[in-house]
Amino acid sequence: MAACGLDFGTSNTTLGIGMGARPTLVPLEGTHRTLPSAIFFAPGQEAQIGRGAIEAYVEGTPGRLMRALKSVLGSPLIEETTPVGRERIRFRDVIARYLTLVKARGEAEAGVELDTVVHGRPVHFVDNDPAADRKAEDTLRQIAESIGFRHVRFQYEPIAAALDYERTVTSEEIALIADIGGGTSDFSIVRLSPERHRRDERAEDILANDGIRIGGTDFDRNLSLGAVMPLLGLGSPMKRADLAVPNAYFHDLATWSSINRLYNSKTLREIDEVVRDAARPELVTRLRTVVEAERGHSLAMAVEGAKIAASDAGAGMVDLEWVESGLAADVDRARLAGHTDELARRMAQRISRCLDQAGLTADRIDALFLTGGSTGLPHVRAALTACVPGARVVDGDTFGSVGLGLTLEAAWLAA
């Protein structure tokens, strides 16, 4: 039995294989261990994934780019079809094609067929809907089985991150694990120790588990809606004084999984009507330029880049020169926080729920273990650390801790 740990994330994917006692994330694209969760369909060609998919789109290759694939799990979209060239493909089949190629790359690196997978999953695919949550896991299981995995096991992503962190602890402690991913934020309170690390049954060590469907792509969306979409007409008035420009186009354009909905002649005709009736038609004309050129993903990537730049360097910019000469949206840390503070606050509320669930006060938490790309946002980090001010803050492998923990479990299964 050859087993792997598969962290299929909203933004990035990793696949790991147990090499003896050491979990190893294999390179899935060149030397990169992380693979952007993106797929590009070009007419008459094999689908491309990861950076290659994004590059094909950016370079203007005719075709269809899809990102944030995981976000449709647990939503009605999963059973719907989407146009790809001259055919329509179900979203579940798009995910299957993506994961088939990931599996093939992992097998090429391992030199063996992978028949067993420990799949990461968020604590909640869907908030406050247990039936939809179960359906999302069942769907992902069915997809895994359809692409050749004969044995499929799931592990909560923050528990996987805890298994990775536990390899470094030298004495017993209670840790709060915060995994802030692209689509969800998940939290676990876990009792860890060197002696407990290899136990098969760890249920009694998991003191609390909770999560919320908020992640990095939600920060992108809120930043886009607050800083960029007003430049394209969001919130501007129609000629009728009591009406504003319809906002559905902007919400779709700001949401990774919805961008492709706009790319059709019917939407362009509707936007033409809005331009005609808008009090500031020059703004909505910019929206039309983006949609007609099918550059929504380029815009979303620019917003994501500005978010990262503002977080890391203090300031970033969304360059919209290709829409209109001299057009740009400046983003600094204050503006980023202003548009996304509510998301950070809601994340922090889950930590309070976890503490209540575990029956612990904040001072009982020895360590706060952080993983996931959005833990790098200063106001998110501040909101999380404020919940357990006395805890030692430990930064994990930002994009690899969950995958490494899943791979540890896979190695134990295969042993």
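Along the sequence shown, residues are numbered consecutively beginning with 1.
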Less than 4.5 Å apart, any side-chain heavy atom of R381 and any of D395?
yes

Indicate yes or no for a side-chain donor-acceptor contact from T217 to the backbone of G182 under 3.5 Å, with no hydrogens or angles considered.
yes

Taking salt bridge (Lys or Arg N to Asp or Glu O under 4.0 Å) as the test, write out the residues that go with E79, two or more places apart.
R90, R92

Within the side chain of S224, is there an N or O that forms a donor-acceptor pair under 3.5 Å with the backbone of R221?
no

Kindly say whether A310 contributes a backbone atom to a donor-acceptor pair with the side chain of R333 at under 3.5 angstrom?
yes

Would you say the side-chain atoms of S258 pair up with the backbone N or O of A254, donor to acceptor, closer than 3.5 Å?
no

Donor-acceptor pair, side chain of R286 and main chain of L231, under 3.5 angstrom:
yes

Does the distance from a Lys or Arg side-chain N to an Asp or Glu carboxylate O, for D133 and R121, drop under 4.0 Å?
yes

Please evaluate residues S71 and T10 with respect to the criterion side chain to side chain donor-acceptor pair (under 3.5 Å), reporting the C-alpha separation (whole Å), side-chain torsions for both, the decisive distance (0.1 Å), and the verdict.
CA-CA 6 Å; S71 62; T10 301; over 6 Å; no

Residues D138, K135: salt bridge by 4.0 Å N-O rule:
no

Tell me which pairs pass ring-ring contact (aromatic ring centres under 6.0 Å, His included) where either residue lies in residues 68-100, with sequence neighbours left out.
F8-Y98

Please say which of N264, L262, D252 ends up in a side chain to side chain contact (heavy atoms under 4.5 Å, CB included) with V291.
L262

Y156 and I206, any side-chain heavy atoms less than 4.5 Å apart
no

Can you check whether A2's main-chain N or O pairs, donor with acceptor, with D115's side chain at less than 3.5 Å?
yes

Counting distance only, does the side-chain N/O of S37 pair as donor-acceptor with the main-chain N or O of G9 below 3.5 Å?
yes

Salt-bridge contact E273-R269 (side-chain N to carboxylate O under 4.0 Å)
no

Counting distance only, does the side-chain N/O of D366 pair as donor-acceptor with the main-chain N or O of I174 below 3.5 Å?
yes

SB check E304 K307 (cutoff 4.0 Å):
no

Residues 42-56 side chain polar contacts: donor-acceptor under 3.5 Å, at least two apart:
unit_1	atom_1	unit_2	atom_2	d
R51	NH1	E29	OE1	2.9
R51	NH1	T34	O	2.9
R51	NH2	T34	O	3.0
R51	NH2	T34	OG1	3.4

Given 3.5 Å as the limit, does a donor-acceptor pair link the side chain of Y57 with the main chain of M66, or not?
no

Is it true that K103 and E107 make a salt bridge, defined as a side-chain N closer than 4.0 Å to a carboxylate O?
yes

Indicate the ring-plane relationship of W412 and H197, choosing parallel, tilted or perpendicular according to the 30° and 60° boundaries.
perpendicular

Residue pair D179, T371: steps toward the side chain to side chain donor-acceptor pair (under 3.5 Å) verdict
CA-CA 5 Å; D179 173 27; T371 185; 4.8 Å; no

State plainly whether the residues R141 and E145 are in salt-bridge range, i.e. N to O under 4.0 Å.
no

Salt-bridge criterion met for D397 and R33 (N-O under 4.0 Å)
yes

Between S401 and D164: side-chain donor-acceptor atoms closer than 3.5 Å:
yes

Quick one: does E321's side chain have a donor or acceptor within less than 3.5 Å of a partner on G326's backbone?
yes

Do NZ/NE/NH1/NH2 and the carboxylate oxygens of D127 and R213 come within less than 4.0 Å?
no

One thing to verify: whether E157 and K70 come together as a salt bridge, which I'm taking to mean a side-chain N less than 4.0 angstrom from a carboxylate O.
yes

